[in-house]
Amino acid sequence: MSWFVTGAGAVTSVGKDADETFANLCAGRSGLAELRAFDSAQYRTQHAYEIDDRPARERDVPYRATDWLLRSVTEAAEQAGLGTDLSGIPVLVGTGLRELRSAELAWRDGADFDISRLHFGTALRERFGTSDSHTFSNACSASLYALALATDMLASGMHETVVVAGVDTLTESMYGSLDRVHMEPPRSVQPFDRQRRGVLMGEGAAAVVLRRDVEDRSSSLGTVRSVSVNCDAHHVTAPDPRGITEAVRAAHDLAGVKPSDIDLVLLHGTGTLLNDEGEATAVSQAFGPDVGVPLMTAVKSMTGHTSGGSGLLSLIVALRSLATGWVPPIAGLRRPVAEADGFRFVQKEARRVSDMSLAQVDAFGFGGVNAVAVVERGAR
Amino acid sequence: MSESGTHITGLGLALPGVAEAADLVSSGERADAPPPDPAERIGRKGLRYKDRATQLALVAARDALCDAGLITPDRERCAAGGSTAVVASSNLGNLDSVCTIAGDIAEKSVAAISPMNLPNASSNVVASSVAIRFGLRGPNLMLCNGVASGLDAVRWGASLISAGRAERALVVGVETGNGVTARLTGVPEDDQLDGAVALVLESSTAARLRGATSMASLGEGVRSTSVAGCVGSLLPYDASASGGTHARGTRSGGAVEAGPGVWFVPERFDLSAPLPGTEGLERHDVTRTFGRASGALGVLQCAAAVSWFASGEATAALVTSGDDGCDGVAGMMLGAPRGAR
């Protein structure tokens, strides 16, 4: 089975909407900047990929994640012709950190924050009239996990349309804990590069409208062919390549495709020592002799790690790349890791390719929660 | 066991003052009951650096898996781990870790925080820790979905099974009270649940193949904008039936056929508020016994329904979580196992 993507929306450090984000990624523009969210004197790490919409430097305010989520869902719903009334339509939100940043501000600084808005359902109901919304806090694969559940809802025949979204903001607890485990603070995210030092957080939201069927197939942005989900059951933070390999193979099997059918892979590529080695090893294993067939890229080199929203953002980029032929590069990748031997990385600048049809999208999270999607090109 | 549908085949409890499932429905205050002690229940090994919510979840999860016959206390790795999903629900679980880390950074600096706390900064630490300890490699979901989150978790567990993504799902609801949750929620610590509940959900086929016993069957999960709407969609009130009784349930794909005898109401629901279709239903609010249960509520309610069935007092139970002012109200009908009727 296939499910149609009829609308997409995004808010990132490199764009106010999906179009601007994709154009800037293809132009190699990065959202990297010096840390603005927090009192940088308290940290070793000094950089992040933030959406710079706070009222003043180092003066953070609550509900920024909720705001981006509502914007990205609005954009996707409008493009899909749904308008702003989503009553009766399930909305599944994947997030790593919910509104935990607002909770930090409330706890420490006395910011005005209603704890019942730690998840996004109440705001979604107020804006769109939803009653069947779900906030999944599934670390960095959350939005692709949500997409998998959305395809199950459509396959069950109970629903014609499901909205899927992902969102995350920087929290001090996560930024600080990551800072604490870096050997040397990274100054940028360099996926798969031998010189990479680790991950930097990014902010953003992404949303898609998924439908069982459409009257006019030329109006679809593309189709979701499969989403596989599993768990390494191995370690709370370190990935296990065996679990990732299984997830990739399961996604191919569910979609009924072979590794050699895949034209493009949007890698998870976080720039951490462990993820990139593990992911490269697993993808090599799953693709076998065909590992050199698809082009490979990873957008976190320009968006930072947008955590729970990152999988869906990669999926939107993948669909745009398939439709336009333009594939954004991995910014800052000079010497790829040995485990990625044979990978056809897109380096330095965007590449134009014709006749791409199928893409694979990876998203993996803390606790070994893996999600892999296969998507197919649409007409626009 | 009925031919189709999803069944509860295991139950695990880490609750104050509860030694066995039967204690769930015996009324009474538990203010004096000591909080569950994870180290005493499952030993210290593997609990270091885990926050309290994760520790409580591990206790309930182990008991549920043992109860279902999927593991033994001496052999915790689940042989059926590849086909077993985990769905955990908690709203406040890692709130104390998150806020304490943020506070320590501001007061001192990032050097003052422990790198061992990194996993606890991510809200899915409960679901993944359960999977790691017992070797459960199926889909792994963490619901943080407000007051209906626990019942939503049960629904997603059943959904993963019916979609063919897993043969069974371990559903865990957990919350814990502490200074951070008390201040941010405005609910005093002694009125917050400090505990965890776990259920093993299994397709009837998978359960039958390994000879597992059903404790309850699950009906279809619904979501509505109001308690009345939710109850109305699960209990089609048939005014034409003699005496205005409930139409026999039709929404559950045959899994739950009888009208309910008990209604597990939302947290602090007015037990005397009139609501069409619920006349004669015994109302039960588990949070009056165990404290406000937030994301654990729906799982706790389902466990209470199992206990109710075991006592022979009802053949079906209506469960609802959420109120009219929040993002939605979740509801589900549960049926007693066939042999119990």
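Considering CG of A:Asp152 and CH2 of B:Trp156, their distance stands at 7.5 Å, rounded to 0.5 Å. Once rounded to the nearest 0.5 Å, the distance linking OG of A:Ser131 with CG of B:Asp327 reads 9.0 Å. To the nearest 0.5 Å, atom OG of residue A:Ser116 and atom CG of residue B:Asn91 are 10.0 Å apart. The CZ atom of A:Arg117 lies 11.5 Å from the SG atom of B:Cys326; values are rounded to the nearest 0.5 Å. One distance of note links CG of A:Leu118 with CG of B:Leu92; it measures 7.5 Å at 0.5 Å rounding. Of the inter-residue distances, the one linking A:Ser156 atom OG with B:Glu220 atom CD reads 9.5 Å to the nearest 0.5 angstrom.
Top candidate by heavy-atom pairs under 4.5 Å with chain A, chosen from B:Ala111, B:Ser162, B:Gly135, is B:Ala111. Of the residues considered (A:Gly367, A:Ala155, A:Ala233, A:Gly368), A:Ala233 shows the highest number of contacts with chain B, using heavy-atom pairs under 4.5 Å. Between chain A and the residues B:Leu118, B:Asp104, B:Asn117, the most heavy-atom pairs under 4.5 angstrom are made by B:Leu118. Chosen from B:Cys99, B:Ala88, B:Ala166, the residue pairing most often with chain A at heavy-atom distances under 4.5 Å is B:Cys99.
Residues B:Pro119 and A:Val236 approach most closely at CG-CG2, 3.7 Å, considering heavy atoms. Contact record, B:Val110 with A:Gly176: CG2-O, 3.3 Å, taken as the closest heavy-atom pair. The shortest non-hydrogen separation linking B:Ser122 to A:Ala139 is OG-CB, 3.9 Å. The two residues B:Ala102 and A:Glu172 make their nearest non-hydrogen contact at CB-CB, 4.3 Å. In terms of heavy atoms, A:Arg125 sits closest to B:Asp324 at NH1-O, 3.1 Å. Nearest heavy-atom pair across B:Ser123 and A:Ser137 is CB-OG, 3.1 Å.
In this structure, chain B has no heavy atom under 4.5 Å from any part of A:Thr171. Of the two parts of A:Thr130, only the backbone, made up of N, CA, C and O, holds a non-hydrogen atom closer than 4.5 Å to a non-hydrogen atom of chain B. Neither the backbone nor the side chain of B:Asn120 comes within contact range of chain A; no heavy atom of the residue lies under 4.5 Å from a heavy atom of that chain. Only the side chain of A:Thr237 comes within contact range of chain B, with at least one heavy atom under 4.5 Å from a heavy atom of that chain. Using a 4.5 Å cut-off between heavy atoms, B:Ser90 touches chain A through its backbone atoms (N, CA, C, O) alone. Contact of A:Leu178 with chain B is made through backbone and side chain together, with heavy-atom distances under 4.5 Å. Neither the backbone nor the side chain of A:Thr95 comes within contact range of chain B; no heavy atoms are under 4.5 Å apart. Interface residue A:Asp232: only backbone heavy atoms are found under 4.5 Å from chain B. The contact between A:Arg98 and chain B is made entirely by side chain atoms (from C-beta outward), counting heavy-atom distances below 4.5 Å. Within the 4.5 angstrom heavy-atom criterion, atoms from both the backbone and the side chain of A:Ala106 approach chain B. Using a 4.5 Å cut-off between heavy atoms, A:Phe366 contacts chain B through both its backbone and its side chain. Neither the backbone nor the side chain of A:Ala123 comes within contact range of chain B, judged by heavy atoms closer than 4.5 Å. Contacts of A:His134 with chain B are made by both backbone and side-chain atoms, with heavy-atom separations under 4.5 Å.
Counting heavy-atom neighbours within 6.0 Å of A:Arg242 CZ, excluding the residue itself, gives a total of 12 or less. More than 12 heavy atoms of other residues, nucleotides or ligands shown are found within 6.0 angstrom of CD on A:Glu126.
With respect to the salt-bridge test (charged N to carboxylate O, under 4.0 angstrom), the residues B:Arg155 and A:Asp132 qualify.
Between B:Ile105 and A:Tyr175, every side-chain heavy-atom pair lies at or beyond the 4.5 Å cut-off. Residues A:Leu100 and B:Leu95 meet the side-chain proximity criterion, which asks for heavy atoms closer than 4.5 Å. Under the 4.5 Å side-chain criterion, counting only non-hydrogen atoms from C-beta, A:Glu104 is not in contact with B:Ile101. Put simply, the side chain of A:Trp107 does not reach to within 4.5 Å of the side chain of B:Asp96, judged on heavy atoms.
Not one N or O on the side chain of A:Arg180 forms a donor-acceptor pair closer than 3.5 Å with the backbone of B:Ser114. Side-chain atoms of A:Gln42 come within 3.5 Å of backbone atoms of B:Lys108 as a donor-acceptor pair (strictly under, hydrogens ignored).
When the heavy atoms of residues 136-145 of chain B are compared with those of chain A, the residues falling under 4.5 Å are B:Leu136, B:Arg137, B:Gly138, B:Pro139, B:Asn140, B:Leu141, B:Met142, B:Leu143, B:Cys144, B:Asn145, listed by number. Listed in order of number, the residues of residues 124-132 of chain B that approach chain A to under 4.5 Å between heavy atoms are B:Asn124, B:Ser128, B:Ser129, B:Ala131, B:Ile132.
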- Task: Evaluate side chain to side chain contact (heavy atoms under 4.5 Å, CB included) for B:Ile113 paired with A:Ser177, printing each intermediate quantity in order.
- Result: CA-CA 7 Å; B:Ile113 66 169; A:Ser177 297; 4.1 Å; yes
